[in-house]
Amino acid sequence: MVDQHDDNLRPEDAAWRNIKETGRLGRRRVLLLDTTDSTNNAAMALGIAGEPAGTIVAAETQTSGRGRLGRVWQSPAGTGLYFSIILKPQLDAADLAKITLAAGVAACKAVEDETSLSPLIKWPNDLMLGNKKFGGILTETGAIKEKGATLVILGIGVNVATTMQMLPEELQDKATSLALETGIFFRRGELLAAMVGQIEAAVMKLEGGRFSAILQEFEQRDAIKGLQLRWLTPAGQIVTGVSVGLDRDGTLHIRDDEGQVHQVLSGDVTFSA
Ligand code: BTN
């Protein structure tokens, strides 16, 4: 059982200095909000208003934190990491989905560096410990008038010291936190510093055309390869089959019970018994 505790993101921490000063773009601007509807919204508004790439918006709590497919992201105060990074990558539109995969690898590497845990990624954006989700990634794009660049808001939520009591009943067998898995309260500032460092490195790899290296790292952390899955297609059909992994573009392939291989471009994938 994990008790509540009073860690906050403490801007006076040494970790905070690392977050601010190790950016490849120079000094990173970090905005720490007590509360906001969604750090993705706050970062998007800033990005559209001309805020440079590299700025990070973090919040102690979010009143309308959201995930993929319109889901709610529970954001209890002071126990999780809820942050968004403004990116303006030099990438073709067709390659933007790769940012989510690259961020998943980056987030896992940061957790591996900061804890004894070995998280996995459930394609495309769920961060998993065993069968339970402890984090997620929400990538959204916006239009800006800078030549050749797209505004990308990369939002990450991580349950750091979240307790079961803080989560709604329907999530209690599906969700976990770093503290629930280890009994340790990891400092969110240090995790945030590790994550933004890994994310920047991953975005640089992508911009440098090295997605194949990211794919290899993804494969080592793939939570679903070889497993029986249920895919709810965007058209509302259910396909059951086994994940045969990702292709060179990062698209998931599922072999259904009749042997037909489907490209999963969107929709929802769940474990099936
Ligand atoms: C998912 O699980 O589908 C993605 C969850 C992403 C949650 C993070 S928390 C910070 C940022 N702000 C949001 O509203 N969502 C992301």
Side-chain angles (χ1 to χ4, degrees), residues 8-9 19 30-48 51 55-87 96-97 99-108 110-111 119-129 131-142 151-162 166-168 170-178 188-189 191-192 194-196 198-199 221 223-224 231-232 234 252 264 266-271:
N8 58 32
L9 280 169
I19 297 168
V30 187
L31 300 170
L32 175 58
L33 309 173
D34 279 337
T35 181
T36 186
D37 55 352
S38 154
T39 57
N40 266 32
N41 291 352
M44 181 66 80
L46 283 170
I48 289 171
E51 184 72 21
T55 292
I56 299 158
V57 182
E60 287 288 350
T61 184
Q62 303 180 111
T63 53
S64 302
R66 62 174 182 276
R68 203 171 149 258
L69 306 173
R71 296 193 176 117
V72 171
W73 182 260
Q74 301 292 335
S75 313
T79 60
L81 262 185
Y82 319 116
F83 70 99
S84 304
I85 305 184
I86 297 176
L87 301 173
L96 293 176
I99 294 177
T100 302
L101 306 179
V105 170
C108 284
V111 172
L120 299 178
I121 309 161
K122 179 172 160 284
W123 186 95
N125 71 322
D126 291 341
L127 304 175
M128 308 292 292
L129 287 165
N131 281 339
K132 294 185 174 180
K133 175 166 170 170
F134 73 96
I137 295 159
L138 179 67
T139 309
E140 297 177 312
T141 55
L151 173 62
V152 176
I153 304 301
L154 174 60
I156 303 195
V158 179
N159 298 335
V160 180
T162 319
M166 293 175 191
L167 297 171
E170 67 273 16
L171 288 185
Q172 296 195 352
D173 60 340
K174 298 192 184 84
T176 190
S177 71
L178 301 181
R188 288 175 299 151
L191 271 172
L192 179 58
M195 288 210 174
V196 293
Q198 291 287 356
I199 288 165
R221 298 170 178 84
I224 59 175
W231 171 36
L232 177 62
L252 176 67
V264 182
S266 56
D268 197 21
V269 173
T270 50
F271 294 112

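Ligands are counted one by one from 1 in listed order, and the atoms in each one are counted from 1 as well.
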Check: Thr162 main-chain N/O paired with Ser177 side-chain donor or acceptor under 3.5 Å: yes

Side-chain (Ser75) to main-chain (Trp73) donor-acceptor, under 3.5 angstrom: yes

Report, in ascending order of atom number, the atoms of ligand 1 lying under 4.0 Å from any heavy atom of [X].
{"X": "Gly67", "answer": "1 (C), 3 (O), 4 (C), 5 (C)"}
{"X": "Gly157", "answer": "7 (C), 8 (C), 9 (S)"}
{"X": "Lys133", "answer": "1 (C), 2 (O), 3 (O)"}
{"X": "Arg66", "answer": "5 (C), 6 (C), 7 (C), 13 (C), 14 (O), 15 (N), 16 (C)"}
{"X": "Thr39", "answer": "10 (C), 11 (C), 12 (N)"}
{"X": "Gly65", "answer": "14 (O)"}

SB check Glu140 Arg68 (cutoff 4.0 Å): no

Ile156 and ligand 1 - part of the residue with a heavy-atom distance under 4.0 Å: backbone

Structural part of Ile137 in contact with ligand 1, heavy atom criterion under 4.0 angstrom: backbone

Trp73, Tyr82, Phe83: member with heavy atom nearest to atom 7 (C) of ligand 1: Trp73

Any side-chain donor near an acceptor of the partner, Asn40 and Ser84, under 3.5 Å: yes

Donor on one side chain, acceptor on other, Ser64 and Ser38, under 3.5 Å: no

Identify, for [atom], the protein heavy atom at the shortest distance, and state residue, atom and that distance.
{"atom": "atom 12 (N) of ligand 1", "answer": "Gln62 OE1, 2.9 Å"}
{"atom": "atom 1 (C) of ligand 1", "answer": "Asn125 ND2, 3.4 Å"}
{"atom": "atom 3 (O) of ligand 1", "answer": "Arg68 N, 2.6 Å"}

Rounded distance [0.5 Å steps], CE in Met128 versus OG1 in Thr176: 10.0 Å

Answer whether the closest heavy-atom distance between the side chains of [X] and [Y] falls below 4.5 Å.
{"X": "Leu252", "Y": "Ile224", "value": "yes"}
{"X": "Ile48", "Y": "Leu151", "value": "yes"}
{"X": "Lys174", "Y": "Leu167", "value": "no"}

Any Arg71 heavy atom less than 4.0 Å to ligand 1: no

